[in-house]
Amino acid sequence: MDEPNSSILTIEKIPVTGSSISGYVAIATINRPNKLNALNAEVMESLKALCAWVESNAEIRCLVITGAEPLPAEEGKRAKPNAFVAGADISEFVGMDSEATRVKFTDNAVEKIWSMAKPTIAMIDGFALGGGCEIACSCDIRIASERSKFGTPEINLGLIPGYGATQRLAKLVGYGKALEMIMTGEMITADEARGIGLVNHVCGHENLREFTMNIAGKIASKSGYTLTTAKRVVKAALNSTLDEGIAIEAEEFAKLFDSHDQEEGVRAFMERDKPKWLDR
Ligand code: COA
């Protein structure tokens, strides 16, 4: 499958270092800075292609999704603010009816990100609003700069979130905080987002990439087989009772003892060696 690199979604491949793994962390940058990286149909199609490419490409160990930085200000105009993604492209809502909305929002790119087996990280510098907050919630880990702002302002358009925030945001931050964000439409700061569990880490914007790549690199250096098991089992908790989840964990834990990488990990520990993962 061809790399879905385009002017609207640029992909960088950063080699994994310090591990037996020869592979990459892919950084995908949504590139519409003059529209605060708002999600138009073209971006959503590109994100779907990105997910399919990452899942099918054994060299890609971890996906980082981010937004493009603002361009230099045009003469006589103020600079655009920094944004991860300022939401769905509102101009595409004009004249839409329920039928068109069902088509547009069913099986959308945010669900594709959520369904990925490989690890995903949202690297956020600036506004993460509406669909931007929802892309962040559909990734496994969220890392934000100190100047980021989060919100679900759809209420101000007479809407509710449509890319999963009523569910995934509520699972992350709890029913009360999610409803406060959704019903007021107010933004919260990066520090507040960390306080309610919406983001994992907040750091200075000048360190954001290094901080994120440090975590992505650590994850990318592990066994891909074990990582996908870990992700699948933790996510199972969202749809299971505690007893069901514990039973799922017990079975998946046991199955790992038939894998090459479990045997290799234990061998490497016993022999004070570095494990050579084979992703199986
Ligand atoms: N959809 C389409 N265009 C958007 C957008 C969106 N969600 N968010 C921002 N833009 C565009 C603006 O229309 C503007 O375009 P223009 O320069 O061609 O007029 C450009 O991005 C810059 O935004 P602007 O509003 O001028 O920046 P600001 O600093 O004054 O305000 C925000 C920043 C984020 C507060 C404001 O852009 C905003 O409220 N955006 C919408 C957020 C939203 O409701 N998202 C949920 C959508 S369901």
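Because only heavy atoms are used, hydrogens play no part in the values below, and waters and symmetry mates are left out as well, while side chains stay in. Indexing begins at 1, ligand by ligand and atom by atom, following the structure's order.
For atom 38 (C) of ligand 1, the protein comes within 4.0 Å by no heavy atom at all. Within 4.0 Å of atom 25 (O) of ligand 1, not a single protein heavy atom is present. Counting protein heavy atoms under 4.0 angstrom from atom 12 (C) of ligand 1 gives zero. The presence of a protein heavy atom under 4.0 Å from atom 15 (O) of ligand 1 is confirmed. Less than 4.0 angstrom separates atom 1 (N) of ligand 1 from at least one non-hydrogen atom of the protein.
Minimum interatomic distance between V85 and N37 (heavy atoms only, all atoms of both residues): CG1-O, 3.4 Å. Closest of all the heavy-atom pairs between T184 and E180 is OG1-O, 2.8 Å. Across every non-hydrogen atom of A73 and R78, the tightest pair is CB-C, 4.0 Å.
Taking atom 35 (C) of ligand 1 as the reference point, the nearest protein heavy-atom neighbour is M187 CE, 3.9 Å. Among protein heavy atoms, atom 10 (N) of ligand 1 sits closest to K35 O, 3.9 Å. Among protein heavy atoms, the minimum distance from atom 44 (O) of ligand 1 is reached at P153 CG, 3.4 Å. If you check which protein heavy atom lies closest to atom 5 (C) of ligand 1, you get A38 CB, 4.1 Å. In terms of protein heavy-atom proximity, atom 23 (O) of ligand 1 is nearest to L36 CD1, 3.7 Å. From the protein, the heavy atom lying nearest to atom 8 (N) of ligand 1 is A86 CB, 3.6 Å. Among all protein heavy atoms, the one lying closest to atom 20 (C) of ligand 1 is N34 O, 3.3 Å.
Applying the side chain to side chain contact (heavy atoms under 4.5 Å, CB included) rule to M96 yields the partners F93, A100, T101, K104; only residues at least two apart in sequence or on another chain are considered.
For the pair A88 and ligand 1, the shortest N or O to N or O distance falls below 3.5 Å. For the pair E154 and ligand 1, the shortest N or O to N or O distance does not fall below 3.5 Å. Checked by distance only, ligand 1 and I90 come closer than 3.5 Å through their nitrogen or oxygen atoms.
Residue-level proximity to ligand 1 for N156 is absent, since no heavy atom of it falls below 4.0 angstrom.
Listed by number with element, the atoms of ligand 1 under 4.0 Å from a non-hydrogen atom of L129 are 34 (C), 42 (C). Using a 4.0 Å cut-off to heavy atoms of K80, the atoms of ligand 1 that qualify are 17 (O), 22 (C). Shown in contact with P81 at under 4.0 Å from a heavy atom are these atoms of ligand 1, numbered in order with element: 29 (O). Of all the atoms in ligand 1, the ones that sit under 4.0 Å from a non-hydrogen atom of D89 are 1 (N), 2 (C).
Judged purely by distance below 3.5 Å, without hydrogens or angles, the side chains of D191 and T189 never pair a donor atom with an acceptor atom. In this structure, a donor-acceptor pair under 3.5 Å is absent between the side chains of E42 and N40.
When each of I215, T66, I124 is checked for a side-chain contact (heavy atoms from CB on, under 4.5 Å) with I143, only I215 meets the rule.
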Scan the side chains in residues 7-17 for donor-acceptor partners under 3.5 Å anywhere in the protein, sequence neighbours excluded, and list what turns up.
{"residue": "E12", "atom": "OE1", "partner": "R209", "partner atom": "NH1", "Å": "3.1"}
{"residue": "E12", "atom": "OE2", "partner": "R209", "partner atom": "NH1", "Å": "3.4"}
{"residue": "E12", "atom": "OE2", "partner": "R209", "partner atom": "NH2", "Å": "3.0"}

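Judged by the 6.0 Å distance and 45° axis criteria, K235 is positioned over the aromatic ring of W114.
Contact annotation: L159 has no heavy atom less than 4.0 Å from any atom of ligand 1. Contact analysis puts R78 in contact with ligand 1, with a non-hydrogen atom separation below 4.0 angstrom.
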**OP:** Check the pair F84 / F127 against ring pair (Phe, Tyr, Trp, His ring centres under 6.0 Å), numbers first and verdict last.
**Re:** CA-CA 6 Å; F84 172 66; F127 290 114; over 10 Å; no
**OP:** Evaluate the criterion salt bridge (charged side-chain N to carboxylate O under 4.0 Å, His left out) for residue pair R61 and D279; output intermediate values, then yes/no.
**Re:** CA-CA 10 Å; R61 321 281 314 168; D279 291 341; 2.7 Å; yes
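A salt bridge is absent between E134 and R168; no separation between the charged side-chain nitrogens and carboxylate oxygens falls under 4.0 Å.
Criterion: ILVMFWY side-chain heavy atoms under 4.5 Å apart, direct or through other members. Under it, F150 and L159 are part of a common hydrophobic cluster.
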